[in-house]
Amino acid sequence: KSNIPSEKGLDVQPINKIILQIKKEIDKSPLKYFYNIVCNEHKCSNCNYKSFTFKKSIINDLFIDKNNYTNINSYLKSTFNNNTFDLITGLKCPICNNISIYKNTSLYSENIDYFMCSINRFDFKPFSLDKNKQSINIDNRISLQTIDLENSISELKYKTTIFDLKSVI
């Protein structure tokens, strides 16, 4: 929803205020306990420019197409990786035009909220459709580092949130 440049002196809105605005919109919905807020942080490797995008999400898609994930907890920790930035292609820095942009994905969720996800175990390739046939352990308790609303002002801070397994469909 919003971008927050990291330069000082610009009129920037604190991260926690943006999340609170999205939460206020979510609170009007009868599905409010099922929404999470996903934050993508983009960072330029050349000038350290940062921007953040936020979106509300009811169902988080998990694409478990690699055989190196044997349980949901390890996959979620790698997806919402908190301070581990992955190189992405197709973006250019608006400040220095550098194309080495790194992305980190984080999750904001209240302690009483639910975390719903769909598990996709297919790898779509140009001329084939491969399925990850390895057994996967679905944990009954998931521990994630989620965005700490109180302390995330100009940069993301994290806290541990535990989700208990309610059902598997």
Side-chain angles (χ1 to χ4, degrees), residues 1-64 72-120 139 141-166:
K1 259 196 170 192
S2 298
N3 286 333
I4 304 173
S6 63
E7 281 93 347
K8 305 265 188 259
L10 294 176
D11 186 24
V12 279
Q13 192 173 11
I15 294 170
N16 55 2
K17 300 283 187 216
I18 294 170
I19 292 173
L20 284 171
Q21 286 176 341
I22 297 170
K23 239 178 88 37
K24 192 183 290 185
E25 180 183 316
I26 289 171
D27 285 343
K28 297 174 187 174
S29 169
L31 299 173
K32 65 183 174 184
Y33 297 115
F34 298 98
Y35 274 103
N36 305 124
I37 298 172
V38 176
C39 173
N40 289 319
E41 178 180 3
H42 298 91
K43 183 177 177 181
C44 176
S45 65
N46 185 44
C47 70
N48 287 327
Y49 172 81
K50 285 185 188 179
S51 67
F52 297 84
T53 56
F54 298 87
K55 70 176 182 175
K56 57 185 180 181
S57 173
I58 285 187
I59 296 177
N60 297 281
D61 293 320
L62 307 180
F63 295 99
I64 304 177
I72 298 295
N73 212 5
S74 65
Y75 182 79
L76 287 173
K77 286 182 179 184
S78 73
T79 301
F80 302 110
N81 47 17
N82 309 317
N83 291 323
T84 304
F85 287 81
D86 297 320
L87 180 65
I88 57 171
T89 57
L91 285 183
K92 189 188 308 186
C93 176
I95 304 299
C96 68
N97 291 326
N98 182 25
I99 57 170
S100 293
I101 305 295
Y102 290 82
K103 178 178 128 179
N104 173 39
T105 301
S106 302
L107 180 74
Y108 171 76
S109 182
E110 294 284 331
N111 288 338
I112 61 170
D113 287 349
Y114 294 90
F115 178 81
M116 293 195 315
C117 58
S118 67
I119 300 173
N120 185 343
D139 310 276
R141 182 169 257 203
I142 296 173
S143 170
L144 283 179
Q145 293 293 310
T146 59
I147 297 171
D148 181 355
L149 185 61
E150 290 181 21
N151 296 314
S152 295
I153 298 170
S154 61
E155 63 183 16
L156 293 172
K157 301 289 184 182
Y158 302 97
K159 66 178 182 176
T160 301
T161 303
I162 297 174
F163 299 97
D164 291 323
L165 180 66
K166 302 297 184 216

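Contact of the Ile37 side chain with the Ile26 side chain is registered, since non-hydrogen atoms from C-beta on lie closer than 4.5 Å.
No donor-acceptor pair under 3.5 Å is formed between the side chain of Ser152 and the backbone N or O of Ile147.
Residues Tyr158 and Ser106 have side chains that bring a donor and an acceptor to within less than 3.5 angstrom of each other. For Asn36 and Ser57, the side-chain atoms include no donor-acceptor pair closer than 3.5 Å.
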### Query
Taking it one step at a time, do His42 and Thr53 satisfy side chain to side chain contact (heavy atoms under 4.5 Å, CB included)?
CA-CA 8 Å; His42 298 91; Thr53 56; 4.0 Å; yes
### Task
Would you sort out whether Asn104 and Lys43 count as a side chain to side chain contact (heavy atoms under 4.5 Å, CB included), showing the intermediate values?
CA-CA 8 Å; Asn104 173 39; Lys43 183 177 177 181; over 6 Å; no
### Task
Take Tyr108 and Ile22 through the test side chain to side chain contact (heavy atoms under 4.5 Å, CB included) and record every step on the way to the result.
CA-CA 11 Å; Tyr108 171 76; Ile22 297 170; over 6 Å; no
### Task
Step by step, work out the side chain to side chain contact (heavy atoms under 4.5 Å, CB included) result for Lys92 and Ile101.
CA-CA 7 Å; Lys92 189 188 308 186; Ile101 305 295; over 6 Å; no
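Taking CG of Leu87 as the start and CD1 of Ile99 as the end, the distance is 9.0 Å to the nearest 0.5 Å. A distance of 8.5 Å separates NZ of Lys32 from NZ of Lys23, quoted to the nearest 0.5 Å. With values rounded to the nearest 0.5 angstrom, Ile88 atom CD1 is found 10.5 Å from Ser100 atom OG.
The two residues Ser154 and Ile15 have their closest heavy-atom pair at C-CD1, 3.8 Å. Listed here is the closest heavy atom pair of Lys103 and Thr105: CE-OG1, 3.4 Å. A pairwise comparison of heavy atoms in Glu41 and Leu156 identifies OE1-CD1, 3.5 Å as the closest pair. Of all heavy-atom pairs spanning Ser29 and Tyr35, the tightest one is OG-CE1, 3.8 Å. Looking at every heavy atom in both residues, Phe54 comes nearest to Ile19 through CE2-CG1, 3.8 Å. Nearest heavy-atom pair across Asn98 and Cys44 is ND2-SG, 3.5 Å.
When the shell of 6.0 Å around CD1 of Ile58 is examined, it contains more than 12 heavy atoms from other residues, nucleotides or ligands.
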